[in-house]
Amino acid sequence: MQSQSGSFPAGQPLWSRTASAGAVLGRLQGEVAADVAIIGGGFTGLSAALHLAEAGRSVVLLEAADIGHGGSGRNVGLVNAGLWLMPDLVEQRLGPDAGRRLNELLAAAPDLVFSLIEKHAIECEATRCGTLHLGLGAKGQRELEARWSQMKRRGAPVHLLSAAETRVRTGTGRYGASILDERAGTIQPLGYARGLAHAARQAGAALYKESPVISLSRQQGRWHLKTDHGAVIADKVILATNAYGEPLVPGLQQSYLPVHFFQVASKPLGSEWRERILPGGQGCWDTRKVMVSFRLDQQGRLILGSIGGLSRLGRGSVKGWADKLASHLFPGIGPLEWQDMWDGRIAMTADSLPRFYQPEVGLYCAMGYNGRGIGPGTAFGRALAGHITDGTDFPLPLSEPASVPLRRFRAGTMESGLQMIQLFRRLTL
Ligand SMILES: Cc1cc2nc3c(=O)[nH]c(=O)nc-3n(C[C@H](O)[C@H](O)[C@H](O)COP(=O)(O)OP(=O)(O)OC[C@H]3O[C@@H](n4cnc5c(N)ncnc54)[C@H](O)[C@@H]3O)c2cc1C
């Protein structure tokens with residue numbers, strides 16, 4: 001563990017201070033050949049690299065910055081089953097067969113994540129005692145009841161908890177109900193990404209950091225990827241850049257709306273509050289449209305999160321928001337000293353479903369996780385590896401990248417709308 005004191009160190013995620021050090025990677029220098037080249041060192045790319053290397057393929061992974069630089073090193077760490085979209089809607093939008101297959105794959109995604117953590121002895125504060133989805137007001141309770149009954153119908157180990165049970169489990173009396181999903185759990189997400197990277201290297205994959213791919217072209221049946229100091233020639237390419245992608249392939253960036261999510265972490269709480277807040281070790285989020293998440297890390301820091309970008313909201317305003325929310329949820333807790341503040345980008349699609357693209361022969365892409373990418377990214381990375389090695393079907397029908405209608409306008413109005421909502425909350429909670 002590394003530790004460092006001081007407040008708000010330059011917007012780096014808390015996770016970069018508390019994860020075990022990752023492997024020392026170099027930059028790509030010179031030309032190398034591989035069966036498969038992977039662009040992006042997050043859960044999708046790393047899981048694909050691991051599973052391809054285990055299947056005996058030669059793999060080169062190129063990461064523009066460092067492992068976990070994107071959403072994978074910045075998220076809340078809730079390893080949930082399924083998507084944000086309720087399972088009935090997944091089946092309506094994809095059709096009954098494809099929808100059922102996707103629901104089943106993602107219902108089992110936490111099993112995959114926690115089994116990889118165990119198999120590769122990944123140090124990432126893994127706690128598998130469920131997550132809590134919290135219902136706010138009558139509308140929130142109705143939403144939870146619908147979600148719970150759809151999950152229950154599919155045999156999921158989920159429990160609908162009363163207001164009193166929710167208060168005991170969370171330490172706050174602000175919610176009228178909750179769903180406890182036993183399949184889920186929490187992790188230190190950067191630790192998990194670094195652990196996957198280590199496992200992929202052990203299996204034989206070559207990983208490079210600070211090696212952004214600046215061009216991608218197909219020549220004489222093989223893919224050529226260029227970086228500033230080197231090149232990879234490969235039969236197949238996996239583009240795993242999600243919301244952090246550069247315009248390497250026309251149309252992909254336009255197919256999602258980038259939305260920011262910020263988090264604020266306190267100094268470790270005293271023992272009284274550590275015992276009261278989430279004593280069962282779950283992480284949680286609520287049913288507000290502009291949702292709020294909260295959890296503790298292993299050292300007992302309270303981590304609050306919500307939708308919006310720090311540069312737009314302003315750090316002072318976010319600190320005020322965090323003070324207000326903490327004392328609203330846990331009267332008497334404050335004042336807290338907030339030590340870390342960071343944000344990240346989520347790729348939202350028009351129908352809230354993720355995407356599999358194959359823009360050209362031998363070029364694959366999985367993206368559009370809509371803020372639910374730990375389980376799905378890991379599962380889709382494995383699915384891409386399975387398709388390349390054995391021709392197994394993708395878990396989703398392939399689609400053509402289509403622009404989100406009025407993308408720039410929507411992105412702009414959404415960020416200003418979020419700014420107003422968070423400011424309003426800061427004043428009124
Ligand atoms: C703040 C936040 C909170 C979230 N909370 C949760 C949560 O609690 N639970 C959950 O399941 N999901 C959550 N998510 C979503 C989840 O983190 C993402 O869906 C997931 O990390 C996506 O993984 P990925 O590997 O596809 O992409 P990323 O992790 O974003 O990785 C993409 C990588 O590609 C690299 N890259 C980009 N361009 C190039 C290039 N040209 N060359 C080389 N490399 C390149 C980037 O540097 C980046 O490291 C959250 C996301 C955010 C941002």
Side-chain angles (χ1 to χ4, degrees), residues 1 14-15 18-20 42-44 46-47 50-51 68 71-84 87 103-134 144 147-148 151-152 154-161 165-166 168-171 178-199 263 274-275 277-286 293-303 305 369 371-382:
M1 294 282 193
L14 161 70
W15 311 127
T18 61
S20 300
F43 305 137
T44 309
L46 293 165
S47 170
L50 169 62
H51 290 99
S72 300
R74 297 166 186 272
N75 63 65
V76 183
L78 305 174
V79 186
N80 281 316
L83 295 170
W84 284 111
N103 280 333
E104 285 174 4
L105 179 86
L106 297 184
D111 285 343
L112 173 65
V113 171
F114 287 104
S115 69
L116 288 171
I117 290 169
E118 195 179 339
K119 177 175 173 190
H120 300 288
I122 296 176
E123 283 179 31
C124 61
E125 303 182 13
T127 310
R128 196 172 188 187
C129 37
T131 52
L132 289 160
H133 191 175
L134 310 175
L144 285 193
R147 194 178 278 277
W148 172 79
M151 294 198 279
K152 203 74 194 155
R154 290 169 172 84
V158 286
H159 310 275
L160 190 58
L161 307 182
E165 288 169 303
T166 302
V168 171
R169 294 237 180 217
T170 57
S178 59
I179 295 176
L180 171 66
D181 186 338
E182 288 179 9
R183 299 166 295 181
T186 59
I187 54 170
Q188 207 283 20
L190 183 60
Y192 175 54
R194 287 181 176 171
L196 284 180
H198 179 70
Q263 291 180 85
R274 281 176 77 158
E275 281 159 25
I277 299 176
L278 297 165
Q282 293 88 15
C284 51
W285 75 105
D286 69 19
S293 63
F294 62 93
R295 61 167 292 186
L296 300 183
D297 74 351
Q298 208 164 58
Q299 288 75 38
R301 297 177 179 89
L302 176 64
I303 307 170
Y369 296 115
R372 180 66 73 90
I374 302 178
T378 309
F380 287 0
R382 184 182 62 171

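Source: prediction; values computed, not measured.
The line from CG of Leu196 to CD1 of Ile122 is 4.5 Å long, rounded to the nearest 0.5 Å. Taken to the nearest 0.5 Å, the CH2 atom of Trp148 stands 10.0 Å off from the NE2 atom of His159. Within the model, atoms CG of Asp286 and OG of Ser178 stand 11.5 Å from one another, a figure rounded to the nearest 0.5 Å. To the nearest 0.5 Å, atoms SG (Cys129) and CG (Asp181) are separated by 12.0 Å. Atoms CD1 and OG1, on Ile277 and Thr170 in that order, are 9.0 Å from each other to the nearest 0.5 Å. Note that CE of Met151 is 8.5 Å distant from CG of Leu144, once rounded to the nearest 0.5 Å.
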Working for side chain to side chain contact (heavy atoms under 4.5 Å, CB included), residues Thr166 and Leu134 = CA-CA 8 Å; Thr166 302; Leu134 310 175; 3.9 Å; yes
Pair Leu105-Phe380, side chain to side chain contact (heavy atoms under 4.5 Å, CB included): steps then yes or no | CA-CA 9 Å; Leu105 179 86; Phe380 287 0; 3.7 Å; yes
Let me see the working for Tyr192 and Thr378 under side chain to side chain contact (heavy atoms under 4.5 Å, CB included), right down to the final yes or no.
-> CA-CA 11 Å; Tyr192 175 54; Thr378 309; 3.1 Å; yes
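Closest approach of Val158 and Lys152 over heavy atoms only: O-NZ, 3.6 Å. Summarising the geometry of Val113 relative to Gly375, their closest heavy-atom pair is CG2-CA, 3.9 Å, with the distance given to 0.1 Å. The heavy-atom pair separating Gly185 from Thr131 by the smallest distance is O-CG2, 3.6 Å. What you find for Ala184 and Arg128 is that their closest heavy atoms are O-CG, 3.5 Å. Contact detail for Leu106 and Pro376: the closest heavy-atom pair is CD2-CA, 3.8 Å. Minimum heavy-atom separation, Gly305 to Gln263: CA-CG, 4.0 Å.
With no hydrogens or angles considered, a side-chain donor-acceptor pair links Thr18 and Gln188 at under 3.5 Å.
Within a 6.0 Å sphere centred on CD of Glu165, heavy atoms belonging to other residues, nucleotides or ligands number more than 12.
Remark: the backbone N or O of Gly280 is not paired with any side-chain donor or acceptor of Arg169 at under 3.5 angstrom. Looking only at distances, a side-chain donor or acceptor of Glu125 sits under 3.5 Å from a matching main-chain atom of Gln298. Between the side chain of Arg183 and the main chain of Pro157, no donor-acceptor pair closer than 3.5 Å is present. Between the side chain of Arg372 and the backbone N or O of Asn80, no donor-acceptor pair lies under 3.5 Å. Listed for the Ser72 side chain is a donor-acceptor partner under 3.5 Å among the backbone atoms of Phe43. Side-chain atoms of Arg74 never come within 3.5 Å of backbone atoms of Gly68 as a donor-acceptor pair (strictly under, hydrogens ignored). Thr44 contributes no side-chain N or O that, together with a main-chain N or O of Gly42, makes up a donor-acceptor pair within less than 3.5 Å. A donor-acceptor distance shorter than 3.5 angstrom exists from the side chain of His51 to the backbone of Ser47, with no hydrogens or angles considered. For Trp15 (side chain) and Asn75 (main-chain N/O), a donor-acceptor pair under 3.5 Å exists by modelled atom type.
Counting heavy atoms from C-beta outward, Leu296 and Ile303 have side chains that stay 4.5 Å or more apart. Between Ile187 and Phe114, the closest side-chain pair of non-hydrogen atoms falls below 4.5 Å. Side-chain contact between Val168 and Leu161 is absent, with no heavy-atom pair separated by less than 4.5 Å.
Classification of the His133-Trp84 ring pair by plane angle, with boundaries at 30° and 60°, yields perpendicular.
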